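Here's the structure we're looking at; comments come further down.
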Amino acid sequence: MEEILSIVGPDLTSQTTNFRDPIEPKQRPAITLRYLAAGESFASLAYQYHLGVITVCSSVHMMCSAIEKRMMSTHIPPPTEDQWKAIASKFWDKWKFPNCLGAIDGKHITIKAPPNSGSLFFNYKKTFSIVLLALVDADYRFTYMQVGDFGRASDGGVYGSSRLGRGMEAKTLNVPEDSPLPGSGVQGPMPYVIVGDAAFPLKTYLMRPFPGHRLPRWRENFNYRLSSARMVVECAFGILTARWRVLLSRLQMAPHFVDTVVMALCILHNFLTNPAQNRRWQDEAEHTGDMLPIIRNMGGNRGSKDAYGVREKFSAFFNSLEGSM
């Protein structure tokens with residue numbers, strides 16, 4: 001907490017007036033971290049800290065805004081070409097999926113129904129929410145995130161309108177040039193790809209599983225490898241929820257404040273993530289049922305011929321690995 005205070009402290013000071021002295025800057029991180037980690041109400045925190053409810057509420061908003069402003073550029077920076085290559089190397093070492101830039105998925109953040117919003121925030125779970133779209137590396141750390149889309153939107157729709165989706169399509173995100181797969185040059189240069197579930201469209205740079213049941217063995221091998229690599233984003237969401245219990249409750253604030261809180265949580269997740277602790281958080285999330293089931297097939301999202309070709313080449317590569325074992 002002291003390290004965070006040293007970073008965001010300048011944004012936590014208030015003006016001293018003749019009516020009262022402001023609360024000390026070190027109290028704001030204590031209140032905010034208690035709220036985020038325990039998920040207690042503002043009224044409960046006000047009682048514990050002998051402060052007004054409005055003071056507690058403003059402290060949380062001030063602290064989360066300061067975290068987003070001061071720490072975003074250092075803890076979730078746009079990856080460079082070398083960083084993309086390092087992420088792909090770790091995916092191959094840990095999950096045996098080559099040329100992988102990350103795993104992508106969406107998470108619904110439950111909120112109080114905003115006034116006069118109709119069904120914009122109403123999702124398929126019959127709750128009101130906003131969507132967190134995140135790209136995660138092999139160490140369960142967020143490399144990209146977007147929060148604030150309406151709960152009724154699908155993951156594929158959110159991705160298509162996101163900066164990540166537009167940047168991948170326009171090739172403006174420093175993604176490395178195509179390169180051969182490890183230990184095999186038969187397929188030729190292959191693109192670097194993101195892995196997602198069936199809710200996302202099939203692109204040359206975005207792989208999704210083969211649909212259907214009773215698939216040929218080489219397609220099952222591809223689905224197995226993709227699922228193994230894709231589970232890191234599910235685990236990251238599980239770790240995030242297990243660590244910050246406020247996500248287990250319905251956030252009682254306006255959507256634009258929720259956006260700031262969620263951004264701050266993702267930044268703090270990267271700030272705190274220690275690979276040695278990830279397994280404990282993941283096991284706890286699985287035990288409490290906070291991780292979502294895998295989406296098998298949602299239909300639609302037809303890919304181009306080039307995208308189908310890339311997926312077939314990855315399948316052939318995984319099949320050759322199985323045959324060499």
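Model, not experiment: these values are computed from the prediction.
- Nearest approach of Tyr140 to Cys235, heavy atoms of both residues: CE2-CB, 3.4 Å.
- Of all non-hydrogen atoms in Lys112 and Arg250, the two that sit nearest each other are N-CG, 3.6 Å.
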>> With side chain to side chain contact (heavy atoms under 4.5 Å, CB included) as the criterion, how do Tyr159 and Met168 come out once you've worked through the C-alpha distance, each side chain's angles and the decisive distance to 0.1 Å?
In response: CA-CA 10 Å; Tyr159 169 78; Met168 290 296 292; 3.9 Å; yes

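- Ser228 contributes no side-chain N or O that, together with a main-chain N or O of Trp95, makes up a donor-acceptor pair within less than 3.5 Å.
- With contacts defined as side-chain heavy-atom distances shorter than 4.5 Å, the pair His108/Thr127 does not qualify.
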>> With salt bridge (Lys or Arg N to Asp or Glu O under 4.0 Å) as the criterion, how do Glu312 and Arg219 come out once you've worked through the C-alpha distance, each side chain's angles and the decisive distance to 0.1 Å?
In response: CA-CA 8 Å; Glu312 294 290 348; Arg219 289 193 171 184; 3.1 Å; yes

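- The line from SG of Cys64 to CE of Met253 is 7.5 Å long, rounded to the nearest 0.5 Å.
- Each side-chain hydrogen bond (donor to acceptor under 3.5 Å, both in side chains) pair with one or both residues in residues 49-63, not counting sequence neighbours, appears once here: Arg28-Ser59.
- Atoms NZ and CG, from Lys107 and Leu132 in turn, are 8.0 Å apart once rounded to the nearest 0.5 Å.
- Looking at Ile104 and Leu164, their side chains come closer than 4.5 Å, going by heavy atoms from C-beta outward.
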>> Does Val147 form a side chain to side chain contact (heavy atoms under 4.5 Å, CB included) with Val258? I'd like the steps, not just the answer.
In response: CA-CA 9 Å; Val147 62; Val258 176; 5.9 Å; no

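- The CD atom of Glu234 sits 5.0 Å away from atom CG of Asp105, with the distance rounded to the nearest 0.5 Å.
- Ser227 and Asn223 share no side-chain donor-acceptor pair at under 3.5 Å.
- When all heavy atoms of Pro176 and Leu101 are compared, the closest pair comes out as CD-CD2, 4.5 Å.
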> Taking it one step at a time, do Lys90 and Asp137 satisfy salt bridge (Lys or Arg N to Asp or Glu O under 4.0 Å)?
Replying inline: CA-CA 8 Å; Lys90 284 192 175 183; Asp137 66 15; over 6 Å; no

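- For the pair Ser65 (side chain) and Met62 (backbone), a donor-acceptor distance under 3.5 Å is absent.
- For the atom pair Ser249 OG and Glu40 CD, the distance stands at 10.5 Å (nearest 0.5 Å).
- The shortest distance between side-chain heavy atoms of Thr273 and Arg243 falls below 4.5 Å.
- A donor-acceptor distance shorter than 3.5 angstrom exists from the side chain of Arg208 to the backbone of Phe200, with no hydrogens or angles considered.
- You'll find the side chain of Phe257 stays beyond 4.5 Å of the side chain of Cys57, heavy atoms only.
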>> Please evaluate residues Phe271 and Ile76 with respect to the criterion side chain to side chain contact (heavy atoms under 4.5 Å, CB included), reporting the C-alpha separation (whole Å), side-chain torsions for both, the decisive distance (0.1 Å), and the verdict.
In response: CA-CA 9 Å; Phe271 177 79; Ile76 311 182; over 6 Å; no

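- For the pair Pro114 and Pro255, the tightest heavy-atom approach, listed with the atom from each and the gap, is CG-CG, 3.7 Å.
- Geometric assessment of Lys96 against the ring of Trp92 yields a positive cation-pi assignment under the 6.0 Å and 45° thresholds.
- The main-chain N or O of Ala86 is never found under 3.5 Å from a side-chain atom of Ser89 such that the two would form a donor-acceptor pair.
- Tyr47 and Leu51 fall into different hydrophobic clusters, defined by Ile, Leu, Val, Met, Phe, Trp and Tyr side-chain heavy atoms under 4.5 Å apart, directly or through other members.
- In this structure a side-chain-to-backbone donor-acceptor pair under 3.5 Å is present from Arg141 to Asn270.
- Side chains of Ser154 and Tyr124: no donor on one and acceptor on the other come within 3.5 Å.
- The aromatic rings of Phe237 and Phe142 are tilted relative to each other, their planes meeting at an angle between 30° and 60°.
- Looking only at distances, a side-chain donor or acceptor of Ser162 sits under 3.5 Å from a matching main-chain atom of Gly165.
- Contact record, Leu45 with Ile31: CD1-O, 4.1 Å, taken as the closest heavy-atom pair.
- Contact of the Leu181 side chain with the Phe314 side chain is registered, since non-hydrogen atoms from C-beta on lie closer than 4.5 Å.
- Taking OG of Ser117 as the reference point, atom CD1 of Ile111 lies at 7.5 Å (rounded to 0.5 Å).
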>> Is there a side chain to side chain contact (heavy atoms under 4.5 Å, CB included) between Tyr144 and Ile194? Walk through the geometry before answering.
In response: CA-CA 12 Å; Tyr144 168 86; Ile194 296 171; over 6 Å; no

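- With Phe210 as the aromatic partner, Arg311 meets the cation-pi criteria of under 6.0 angstrom to the ring centre and within 45 degrees of the ring axis.
- In this structure, CD1 on Ile67 lies 4.0 Å from CG on Leu268, to the nearest 0.5 angstrom.
- Residues Pro191 and Asn99 have side chains not in contact (no heavy-atom distance under 4.5 Å, counting atoms from C-beta outward).
- Side-chain atoms of Asp82 and Asn174, non-hydrogen and from C-beta on, never get closer than 4.5 Å to each other.
- Between the side chains of Glu169 and Tyr205, at least one donor N or O sits under 3.5 Å from an acceptor N or O.
- Not a single salt bridge (Lys or Arg N to Asp or Glu O under 4.0 Å) links Lys313 to another residue, sequence neighbours left out.
- By the 4.5 Å heavy-atom criterion applied to side chains, Lys125 and Thr110 are not counted as neighbours.
- With hydrogens and angles ignored, the 3.5 Å screen pairs a side-chain donor or acceptor of Trp84 with a backbone N or O of Leu173.
- Ser6 and Glu2 form no side-chain donor-acceptor contact under 3.5 Å, judged by distance and modelled atom types alone.
- Across all non-hydrogen atoms, the minimal contact from Pro209 to Leu226 is CD-CD2, 3.9 Å.
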